[in-house]
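Below is one structure; the comments refer to it alone.
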There are 2 protein chains.
Amino acid sequence: MLTVEDILHAIEDGGYRATGSRRRLLETLAARGEGFTAEELVGEVRGVGRATVYRTIRLLLRQGLLCKLTLQDGAPRYSLSRVGHHHHVVCVRCGAVRDFRQSVIERILKDLEVGEGSAVVGHRIEVYVVCPGCREAGVATSPTAATG
Amino acid sequence: MLTVEDILHAIEDGGYRATGSRRRLLETLAARGEGFTAEELVGEVRGVGRATVYRTIRLLLRQGLLCKLTLQDGAPRYSLSRVGHHHHVVCVRCGAVRDFRQSVIERILKDLEVGEGSAVVGHRIEVYVVCPGCREAGVATSPTAATG
DNA sequence: AGCATGAAAGATACTCAGTATCAATACTTG
DNA sequence: CAAGTATTGATACTGAGTATCTTTCATGCT
Ligand SMILES: [Zn+2]
Ligand SMILES: [Zn+2]
Ligand SMILES: [Zn+2]
Ligand SMILES: [Zn+2]
């Protein structure tokens, strides 16, 4: 997992400035690490405005330093990125995020290109779970809703 | 693919009424079929209010008659559902949607449960493409952005 | 250290997607 | 047809994010 300093360096390498606001934001963000909303950040980091929070998120997304993922209902959520292509396992209760990668799946999705006549330009995979902690604490989960 | 009558019957079977607004909405929606936004529907169906369009969308989603999918940037899009669990291939240019299913992937994602200690409650897979039509008409595509 | 310059920040207004409220209307059933 | 409930429309509102515009900060130069 990337550290605050790693990220600030990456920002500078991209030709942007490592400012105080960005540092404070990154520290807040790193303290959460796995799974948070933009508004949570806005609420938690003090002395940094809403617009700056969103601008920084956009910057980090562009640099590939942050992941934007989608809950079952479409609600957005962010997670610090690890290097390289990967996907996410998200707890539908607490929003905790875990990364994963399965080269088999990558190969299968790449092969879709052939049967399709279309150029594949990307994909998204999200796996929704109830994590062990939430399972203990919680009531019964409704089964997989029709995703399609 | 489901017809308007199929869907109206399913609505009635769910204990809801097959009203004129719902019929008109479904006809507009079926004419598009593959890939549209809620606001496009609002604009295209006449004599049906915004709130009703969104309410009907929500109803159809609950009944599994409609799919809500997510573009690369997180923008929402809808598509008439086919029966059973499946995923989507979406053109990033025109928004056309094609369904697909790969039992291999289903099995792999189910196995994640084991390595995870968590109960898998669902997943989402979206494959982003430039469809043949758009590829002809268009400029060069930027390669897969960091999805993670 | 002092200053010029452009990047970044703050405030605010705005857009887009979707929900809540509530009075008016349309279905259904007796 | 009347009563009662589901549905609708209008409108206001929330949540997520962007645009604009003025002020402030970081940098590099002297
Ligand atoms: Zn992948
Ligand atoms: Zn579908
Ligand atoms: Zn699946
Ligand atoms: Zn990630």
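Just the heavy atoms: all of them, side chains too, but no hydrogens, waters or symmetry mates, feed the values below. Here is how names work: the chains are called A, B, and so on, in the same order as the sequence lines, proteins then strands, and each is numbered from 1.
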Looking across every strand, which nucleic acid part, if any, lies under 4.0 Å from A:R50 by heavy atom: base, sugar-phosphate, or nothing?
base

From CZ of B:R22 over to P of C:dC27, roughly how many Å is that when rounded to an integer?
11 Å

So what does A:A51 touch, heavy atoms closer than 4.0 Å: a base, only the sugar-phosphate, or nothing?
base

Whole-Å distance, A:E12 CD to D:dG28 C1', equals 15 Å

Atom-to-atom span, CG of B:L59 to P of D:dA6 - whole angstrom:
14 Å

Assign each of B:T19 and A:R24 the nucleotide of DNA chain C bearing its closest heavy atom; nearer the 5' end lies the nucleotide of A:R24

So, is A:K68 close to the D:dG17 phosphate, meaning a side-chain N or O under 4.0 Å from OP1 or OP2?
yes

Side chains of B:Y16 and B:R22: do they bring a donor and an acceptor to under 3.5 Å?
no

Indicate, with a heavy-atom threshold strictly under 4.0 Å, whether A:R55 touches base, sugar-phosphate, or nothing.
base

Electrostatic pair A:R32-A:E34, nearest N-O below 4.0 angstrom:
no

Give the rounded distance in Å between these two atoms: CG of A:D73 and P of D:dG15.
14 Å

OP1, OP2 of C:dG18 versus side-chain N and O of B:Y54: anything below 4.0 Å?
yes

Taking B:G95's backbone N and O only, do any of them form a donor-acceptor pair with B:R77's side chain (distance below 3.5 Å, no angle check)?
yes

According to a strict under-4.0 Å criterion, is A:Y78 in side-chain N/O contact with OP1 or OP2 of D:dG17?
yes

In whole Å, I'd like the distance from the CG atom of A:L71 to the P atom of D:dA16.
11 Å

Could you tell me whether B:G47 contacts a base, only the sugar-phosphate backbone, or nothing, with contacts defined as non-hydrogen atoms closer than 4.0 Å?
sugar-phosphate

Just call it for B:R58: base, sugar-phosphate, or nothing, with non-hydrogen atoms closer than 4.0 Å on any strand.
sugar-phosphate

Are B:S21 and D:dT7 close enough that a side-chain N or O sits under 4.0 Å from OP1 or OP2?
no

Would you mind reading off the distance between A:R17 atom CZ and D:dT27 atom P, rounded to a whole angstrom?
6 Å

In whole angstrom, give the distance that lies between atom CZ of A:R23 and atom C1' of D:dA26.
14 Å

Ring-ring centroid check B:H123 B:H85, cutoff 6.0 Å
yes

Starting at OG1 of B:T3, measure out to NE2 of B:H9 and round the result to the nearest 0.5 Å.
8.5 Å

So, does A:T52 get its side chain near the phosphate of C:dG10, meaning an N or O under 4.0 Å from OP1 or OP2?
yes

To the nearest angstrom, how far is B:E39 atom CD from D:dA16 atom P?
18 Å

